Structure formats: C-alpha cells, structure tokens
Amino acid sequence: QVQLIESGGGLVQAGGSLRLSCAASGRTSSNYAMGWFRQAPGKEREFVAACSWSGGRSYLAESVKGRFTISRDSAKNTVYLRMNSLKPEDTAVYYCAAERDTYYSGTYYVSEDQYEYWGQGTQVTVSS
C-alpha cells in the first residue's frame, strides 16, 4: 500500500501562487508515475498534471499550461504542483494520485481510472 498526503492548499487572491506537495509513504519505490487532479463544486474530477516516475516526462492540462508546473523529488518521495497566476476557476479540491510504472517505461497517465492510489485532497480557493 502507498499512502499519499497532500499539503499546501489554502486561500489566495487571483494572480497569486501556491505550491502543493504530495508526500508518499508506505510501500514506495522509485517507479511510480504521479498525477494531480482537481474537483470543483458540482463538477467532475478533472486531470491537471502528470509526470513519469523519473520526472523526465510531464504533461499538463490545456487549462493550466503556462501557469502550473509539476515536479518531483524522488529522494523525498514527494511530488509538487507549482501554481502561478491563479484564477477563481482554479478553485477546487486538488488530489494527488500514484500508479506504479512496473517496467520503468517512463510513461505518465492522464486518466483517473489509471491510478490506483489517491490522497485525501487539499482545498485551493482563489478569490477574485
């Protein structure tokens, strides 16, 4: 089992920045692809960002490209989501997810159905 704990959420004004962290513990190893998703009130959960087990490959949703960055520190078993130029429409609960890349293929996953492990989420609220 892998446990994921998100942190770093909060209230920020439009145009501001936040950095979310997702710390993994338990049966961790180096070959986990990681992702961030978010769910706004009354909406379905949506993909935000993903990276490969090494961090060498990443992918961002169109809605956050140029504003958000995903990165990871493998030594700390932690993945980050740096969010700049935040907008009120970024308000949501942000979830971290992990899926083992068994063969170290360097892939990343953009569908929530592809992830086995999930964190509890952290609230991000952007005021206008």
Side-chain angles (χ1 to χ4, degrees):
Q1 291 291 327
V2 174
Q3 293 79 45
L4 303 174
I5 300 178
E6 303 97 334
S7 62
L11 174 64
V12 64
Q13 289 187 333
S17 298
L18 284 173
R19 189 182 76 162
L20 305 183
S21 299
C22 173
S25 62
R27 191 178 177 182
T28 58
S29 60
S30 61
N31 60 329
Y32 278 88
M34 304 294 292
W36 287 97
F37 291 77
R38 67 186 181 186
Q39 187 168 21
K43 296 186 177 181
E44 294 186 351
R45 189 156 56 184
E46 65 175 2
F47 168 79
V48 176
C51 70
S52 61
W53 68 270
S54 68
R57 297 182 66 200
S58 62
Y59 186 75
L60 297 166
E62 285 296 325
S63 59
V64 304
K65 279 183 180 178
R67 300 188 298 122
F68 290 13
T69 304
I70 185 171
S71 62
R72 66 189 299 163
D73 184 335
S74 296
K76 297 181 179 180
N77 284 331
T78 300
V79 64
Y80 305 98
L81 184 68
R82 178 68 182 181
M83 307 185 294
N84 296 326
S85 303
L86 282 161
K87 305 175 181 180
E89 50 264 43
D90 294 318
T91 294
V93 177
Y94 283 71
Y95 297 91
C96 173
E99 175 62 24
R100 188 175 182 184
D101 180 2
T102 303
Y103 301 106
Y104 293 84
S105 66
T107 190
Y108 52 77
Y109 306 104
V110 300
S111 171
E112 60 178 293
D113 294 338
Q114 295 173 300
Y115 288 93
E116 180 174 3
Y117 302 104
W118 291 85
Q120 293 300 307
T122 185
Q123 176 70 46
V124 172
T125 302
V126 184
S127 63
S128 58

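None of these values were measured; they are calculated from a predicted model.
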Problem - L4 side chain near M34 side chain, heavy-atom distance below 4.5 Å - result: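 With C-beta onward as the side chain, the pair touches.
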
Exercise for the section: Indicate yes or no: at least one non-hydrogen side-chain atom of R67 is less than 4.5 angstrom from one of D90. Expected result: yes

Practice task
Check step by step if side-chain contact (heavy atoms from CB on, under 4.5 Å) holds for E6 and Y94.
Solution key: CA-CA 8 Å; E6 303 97 334; Y94 283 71; over 6 Å; no

Establish whether [X] and [Y] are linked, either directly or via other cluster members, by ILVMFWY side-chain heavy-atom contacts under 4.5 Å.
X	Y	answer
L20	Y80	no
V79	V2	yes
L18	V48	yes
Y59	Y109	yes
Y115	I70	no

Practice task
Classify the angle between the aromatic ring planes of F37 and F47 as parallel (below 30°), tilted (30 to 60°) or perpendicular (above 60°).
Solution key: perpendicular

Closest non-hydrogen atom pair between [X] and [Y], with its separation:
X	Y	result
Q1	Q3	CB-NE2, 3.5 Å
A14	S128	CB-CA, 4.3 Å
N84	R82	OD1-NE, 3.1 Å

Could you state the interatomic distance from [atom1] ([X]) to [atom2] ([Y]), rounded to the nearest 0.5 Å?
X	Y	atom1	atom2	value
R72	Y32	CZ	OH	11.0 Å
Q123	T91	CD	OG1	7.0 Å
T69	L60	OG1	CG	6.5 Å
I5	Q120	CD1	CD	9.0 Å
R19	S71	CZ	OG	7.0 Å
W53	D101	CH2	CG	8.0 Å

Problem - G106 backbone acceptor or donor facing R57 side chain under 3.5 Å - result: yes

Exercise for the section: Please answer whether the main-chain N or O of K76 pairs with a side-chain N or O of T78 as donor and acceptor at a distance below 3.5 Å. Expected result: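 Pair found, side chain donor or acceptor close to backbone of K76.
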
Practice task
Begin from the C-alpha positions of W118 and R45 and carry the test side-chain contact (heavy atoms from CB on, under 4.5 Å) through to its verdict.
Solution key: CA-CA 13 Å; W118 291 85; R45 189 156 56 184; 3.7 Å; yes

Exercise for the section: Please assess R100 against Y117 for the test side-chain contact (heavy atoms from CB on, under 4.5 Å), listing each intermediate value before the final yes or no. Expected result: CA-CA 9 Å; R100 188 175 182 184; Y117 302 104; 5.9 Å; no

Practice task
Any disulfide (SG to SG under 2.5 Å) involving residues 82-128? Give me the pairs, sequence neighbours left out, ordered by first then second residue.
Solution key: C22-C96

Problem - CA sep, side-chain torsions, deciding dist, call: R38, V64, side-chain contact (heavy atoms from CB on, under 4.5 Å) - result: CA-CA 12 Å; R38 67 186 181 186; V64 304; 4.0 Å; yes

